[in-house]
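Here is the structure we will look at.
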Protein chains: 2
Amino acid sequence: MARWDPGAQERLTTAALDLYLEHGYENVTVADIAERAGLTRRSFFRYFPDKREVLFAGSERLPAVLREAVLGADPAAPPLAAVLDACDRLGTQLTEALGHDHVARRRAVIDSSAELQERERTKSAAVSAALDEALRERGTDPATATLVAQVASVAIGQAFRRWSESADASFTDGLHAVLDTLRAALADGDGRPPRA
Amino acid sequence: MARWDPGAQERLTTAALDLYLEHGYENVTVADIAERAGLTRRSFFRYFPDKREVLFAGSERLPAVLREAVLGADPAAPPLAAVLDACDRLGTQLTEALGHDHVARRRAVIDSSAELQERERTKSAAVSAALDEALRERGTDPATATLVAQVASVAIGQAFRRWSESADASFTDGLHAVLDTLRAALADGDGRPPRA
DNA sequence: TCCGTGATGACACTGTGTGTCATCACGGAC
DNA sequence: GTCCGTGATGACACACAGTGTCATCACGGA
């Protein structure tokens, strides 16, 4: 079992999630996680750069995937439409690959630790940066690209959270619902005519 | 000079900023900062909870101030208008109290460290949470409140960065410009009629 | 003058994250 | 079948963040 162990990383993630849920994130040491996974503390840091990252395994691929999806959208589509099109095509596929149970357990741990929420925001920022870059490559002017990317990242986060909390609505539907809400708030929101 | 030293906290912040700029955030230890400020490593942690927070001194008051400003806005105003009104009244006052030089130096340090960017996003999230809470107290429905708060937080961040990079435009003007951009992107952005 | 209070220094300790080296299993070369 | 390169791991050792605890010292008031 010691040598040739392709499941070591997965064992670390499950061990970490279990221990975090059982004793609380701050009361679990890296040595605890490694021990339950049958590894050494030093080896933990060969799979993950730090104690927080173990909860976000795989998330490093999302920015690149989203970037490609946006670049693959209709070149004539306006920025937000391109992002939404990319989310429509990837959203269900991504959410289905995760599983509600695992997501819910992760959610509970993250919501209990400021440190983990900080890291989660970093992941969201990485998504935003990827969208930003993809939009610029499509020719969107930089200011609009950055803004649309950040707002889309907020909407994605909101929709994802709604999906994870109640499994009845699809991620894509939630995303469009969030944007409808935003549209309404923006339309009557600043006391100035919509077409200034 | 040792006893009765009201300027200890400020000495720590300036020492930290100087050292971070001179040697890079990661190459500066808390002991270095404390020494330059004429204090002990242990005393540093009596003024700041950690090494990052020293760059954000005073920011803990912003959420409460914004909250009060939103609650003080016209009760009949729609959510986003209330937030913008609050920002209009506070924005210039806040930016003037900071000073371009200090903000620019801080910006350079933060942009050079992922750890500090993470903390900055946490500060932004605190602003968003305060806006969210204030809007709910005004009677805004929770979904709209959270969304408007997060989007406003993004807009504030964008406007603040623009202001800090070029001193020619006011913070308030930048904020409205950002929202105009967003309005335009949202209007033609999803390929669906604005009034679905 | 004495004492309570609050800020500080000194010290010890846990835990994260990193560098370095020895070791061991595996697969391929011969 | 034996030998060797490679890669993953364990075993230290270390710097540093952050925390608890206690002694000390200056200050202001009784």
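A quick note: this is a predicted structure, and the numbers were derived from the prediction, not measured. Letters A, B, ... are given to chains in the order of the sequence lines, protein chains preceding strands, and every chain is numbered from 1.
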Assign each of B:R41 and A:P49 the nucleotide of DNA chain C bearing its closest heavy atom; nearer the 5' end lies the nucleotide of B:R41
Quiz item: Has the side chain of A:R138 got a donor or acceptor atom that lies under 3.5 Å from a matching backbone atom of A:D74?
Solution: yes
*Donor-acceptor pair, B:H100 side chain versus B:W163 backbone, under 3.5 Å?*
yes
pair_partner(C:dC21), Watson-Crick or wobble, both distances < 3.5 Å, evaluates to D:dG10
Under a 3.5 Å limit on both distances, the Watson-Crick or wobble mate of D:dG28 is C:dC3
For [N] and [X] - does any side-chain N or O of the residue sit under 4.0 Å from the phosphate oxygens OP1/OP2?
| X | N | value |
| --- | --- | --- |
| B:Y47 | C:dT8 | yes |
| B:T29 | D:dA15 | no |
| B:R42 | C:dC13 | no |

Ranking D:dT19, C:dT8, C:dT16 by distance to the side chain of B:L39, first place goes to C:dT8
Of the listed D:dT9, C:dT16, C:dT8, the closest approach to the B:S43 side chain comes from C:dT8
Spacing between [X] atom [atom1] and [N] atom [atom2], to the nearest angstrom:
| X | N | atom1 | atom2 | answer |
| --- | --- | --- | --- | --- |
| B:E53 | D:dT19 | CD | C1' | 17 Å |
| B:F48 | D:dT19 | CZ | C1' | 18 Å |
| A:E35 | D:dG10 | CD | C1' | 15 Å |
| B:E115 | D:dC16 | CD | C1' | 12 Å |
| B:K51 | D:dT19 | NZ | C1' | 17 Å |
| B:F44 | C:dG9 | CZ | C1' | 17 Å |
| B:E26 | D:dA17 | CD | C1' | 14 Å |
| B:F45 | C:dT8 | CZ | P | 15 Å |

Kindly indicate whether the side chain of A:R46 and the base of D:dG7 share any N or O donor-acceptor pair separated by less than 3.5 Å?
no
- Task: Answer yes if the side chains of B:R136 and B:T146 hold a donor-acceptor pair under 3.5 Å, and no otherwise.
- Result: yes
For A:E115, the salt bridge (Lys or Arg N to Asp or Glu O under 4.0 Å) test, sequence neighbours excluded, returns A:R52
- Query: Can A:K51 be said to sit on top of A:F45's aromatic six-ring, NZ or CZ under 6.0 Å from centre and within 45° of the ring axis?
  - Reply: no
